[in-house]
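Below you'll find the structure, written out as structure tokens, and then a few comments.
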Amino acid sequence: MAALWSLNPYFWKYRWHLLAGILFVALTNVFAVYAPSLIGEGVNALKEVETEYLAPLRSGQTAVFEHAVNISAPSTLERLSTWWARVAPPVRSEDFQSKEDVLKFIAWVAAWQAILYVVAYFIKGLFLFMTRQTIIVMSRHIEFDLKARIYEQYQRLDTGFYKAHDTGDLMNRISEDVSQVRMYLGPVVMYTLNLIVLISLVVSVMLYIDLELTLWSLLPLPLMSVAVYAVSRRIQSQSHEVQSLQSDLSSFVQQHISGIRILKAFRREAPTAERFSEQSDQYKTSKLNLVKTEALFTPIIVLLVGFSTILTIYIGGHRVMSGDLEIGHIFQFVFYVNLLTWPFASVGWVTTLTQKAEASMKRINDFLDAEPTIRAGGEPLPGPTSEPTLEFHAVSYRYPDTGIAALSDVSFSLSRNQTVAITGHTGSGKSTIAMLAMRLFDPDSGRITYNGQDLSRLDVKAYRANTGYVPQDVFLFSDPIGENIAFGVDDASSPTIEEAAVAAHVHHNIAAFPKGYSTQLGERGVNLSGGQKQRISIARALLRHPEILILDDSLSAVDTETETHILDALKQGSRDQAVLMMSHRVSSIRHADWVVVLQNGRVVESGHPEQLLSTDGVYAQMVRDQALKD
Ligand SMILES: Nc1ncnc2c1ncn2[C@@H]1O[C@H](COP(=O)(O)OP(=O)(O)O)[C@@H](O)[C@H]1O
Ligand SMILES: [Mg+2]
């Protein structure tokens, strides 16, 4: 239960909901227990009247009736009258002179009992409603708070964490795990409170009436708790299996629908259909198993309650015959046994739910306790100095998951109003440099400085606000194009968005869409070409007028003509801007002020492009190779 204890501050936060909930649970149960006692009382009264008055009357023994009214059983009438006095003016024995008087009185008593019974149930229902309104509402509030905290943590953690964890698994924290925990906060809390209050009330009323009958009629109920626990554990594990098979099935379908073109081109229809029916069959089998187990649930409860009822009537009957019990109490007990059914069954259910919630809460806590490895240094950004804007000093980096040494001993510098290009073949480490420059992770050794200050000491958020990053894998949100460009700039006006789009040479494409900048992207919107996506991503970076612009192979999917347009626009617009441009294509970088050539994560050459061309090294070779291809 250790993990669930961490929820206590939330209970404290919503303590008034919880306290009100406890009060309402108690009130609900008081009325739930009171109602059957009306039935018991009513039956006892009718029984007495029957034997004392009606039976003699029916058999024509008027004398016995007279006798009963006047002498033998005034106590019965008195008892009834005492009860009656609670709802109407008191009656006395003298009022019963004829059969009609007695019958009328009985009818009144019965009617009042019935009305009171209905009213008691109505009030019980009202309080039950209030219980749900407080406890379930509390659980929804806590669920909301928990989700907000998890989402905050998602954003606080750095890319290193996301590399080490599976996305689907992380998504489960906020959906699956939180709903498990909510089951604990809502239903479990509510049923547990209900259980405690109801059982103590009912059992004490039962004990007050008859100890022996109480013991016998309660005997089968703990068995029910155990049985329900066993069945619901089985249901939980089986439904887990069903869920995972179901998600396998839907991701199978989703993948093959998205890849339908490849599927058809490679003529894989028949084998795919076969694999689908195999998976589908597995799902069916496990679902049927689940249904079989679920089918046990109600019969077990009904069986044990039935058993309990039989015991109550049998033992109760004996006790009535031996004169230790009144018959109405048997009725009352049968009601109570039924009233206790759900609480006893819920012990098993609540236990399973609590175990699951505990496991989920532990996962949530582990996640919430994770600390980002990139710590914000918190120092304000230094203003421009004579130092380069961005400088790598003998930087090395190894990816912890694969152990690949992506960069070794890389040094270069980038100043204001300068374009530095990093080139090299695929896998040479260009993207790694871009990510290090964005401080998405920190170098293993060496230093990166910004205006002469160590990057790790500076406020990351402020630094990133000064940087425009166009990652190699373009990511656009399923939002309108305009919003995608304005991403991260809250108050971007339409003219500035357009200006950025013009600079990224994508404005004419967007303007050609019927809805222009309001065109929806993504699943339910238009699909853009790779080059268009890249240019929108560039526009997004340009809109911020960043001090440092990082383009990671951002022109790989645009044709050379468009590339020239964009590079020209960059040159014009980039007063004071420092541009770091990664490209495996040499045509993009021939106008750069400085070129760094990487091979297997090491700098093999660097210099002005013209100068490199004349030294006839790796760069010159790349230029020759690519000229041949074009
Ligand atoms: N997320 C990653 N995890 C592990 N290794 C990676 C990751 N990204 C890149 N690498 C490896 O690091 C090396 C450099 O990759 P990268 O910087 O992407 O090169 P480039 O951008 O020049 O193609 C490659 O060997 C690549 O396999
Ligand atoms: Mg790359």
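Predicted model, so just to flag it, every value in this text is computed and none were measured. Numbering of ligands and ligand atoms starts at 1, following listing order.
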field: Part of Met582 with heavy atoms under 4.0 Å of ligand 1, whether side chain, backbone, both or neither
entry: neither
statement: Residue, atom and distance of the protein heavy atom nearest atom 19 (O) of ligand 1 read Gly429 N, 3.1 Å
- prompt: Is any side-chain N of the basic residue among Asp366 and Lys362 closer than 4.0 Å to the acidic one's carboxylate O?
  reply: yes
message: Using only atom types and a distance under 3.5 Å, with no angle test, would you say the side chain of Lys430 pairs donor to acceptor with the backbone of His425?
response: yes
Nearest protein heavy atom with distance in Å, relative to atom 4 (C) of ligand 1: Thr402 OG1, 3.1 Å
- request: State whether Thr426 contributes an N/O/S atom found under 2.8 Å from the Mg ion (ligand 2).
  value: no
field: atom 25 (O) of ligand 1 [closest protein heavy-atom partner, distance rounded to 0.1 Å]
entry: Ile404 CG2, 3.6 Å
message: What protein heavy atom lies closest to atom 10 (N) of ligand 1? Include the residue and the distance to one decimal.
response: Tyr399 CE1, 3.3 Å
message: Considering Ser431, Gly601, Gly427 one by one, which has a heavy atom nearer to atom 14 (C) of ligand 1 than any of the others?
response: Gly427
query: For Ala406, is at least one N or O under 3.5 Å away from an N or O on ligand 1?
result: no
- line: In Arg585, Gln534, Glu563, the residue satisfying side chain to side chain donor-acceptor pair (under 3.5 Å) with Ser556 is Gln534
query: How close do Ser606 and Val596 get, heavy atom to heavy atom, and via which atoms?
result: CB-CA, 4.1 Å
query: In the protein, which heavy atom is nearest to atom 15 (O) of ligand 1, and how far is it?
result: Thr432 OG1, 3.9 Å
field: Taking atom 1 (N) of ligand 1 as the reference point, the nearest protein heavy atom with its distance
entry: Lys163 NZ, 2.9 Å
query: Would you call the rings of Tyr399 and Phe441 parallel, tilted or perpendicular, where under 30° means parallel and over 60° means perpendicular?
result: perpendicular
statement: Atoms of ligand 1 under 4.0 Å from any heavy atom of His425, numbered from 1 in the order shown, are 22 (O)
query: Hey, is the Mg ion (ligand 2) within less than 2.8 Å of some N/O/S atom on Thr432?
result: no
statement: Per salt bridge (charged side-chain N to carboxylate O under 4.0 Å, His left out), Asp177 is matched among Lys147, Lys356, Arg363 by Arg363
message: With a cutoff of 4.0 Å, is Gly424 in contact with ligand 1, counting heavy atoms of the residue only?
response: no
statement: So the atoms of ligand 1 within less than 4.0 Å of a heavy atom of Lys430 turn out to be 17 (O), 19 (O), 20 (P), 21 (O), 22 (O), 23 (O)
- request: For residues Asp576 and Glu547, determine if any side-chain heavy atom of one lies less than 4.5 Å from a side-chain heavy atom of the other.
  value: no
message: Parallel, tilted or perpendicular, judged at 30° and 60°: which one describes the rings of Tyr184 and Phe11?
response: perpendicular
statement: Atoms of ligand 1 under 4.0 Å from any heavy atom of Thr426, numbered from 1 in the order shown, are 23 (O)
- request: Answer yes when Glu391 and Arg447 have at least one side-chain N-carboxylate O distance shorter than 4.0 Å, and no when they do not.
  value: no
message: Could you tell me if His608 and Asp593 have a donor-acceptor pair between their side chains, going purely by distance under 3.5 Å?
response: no
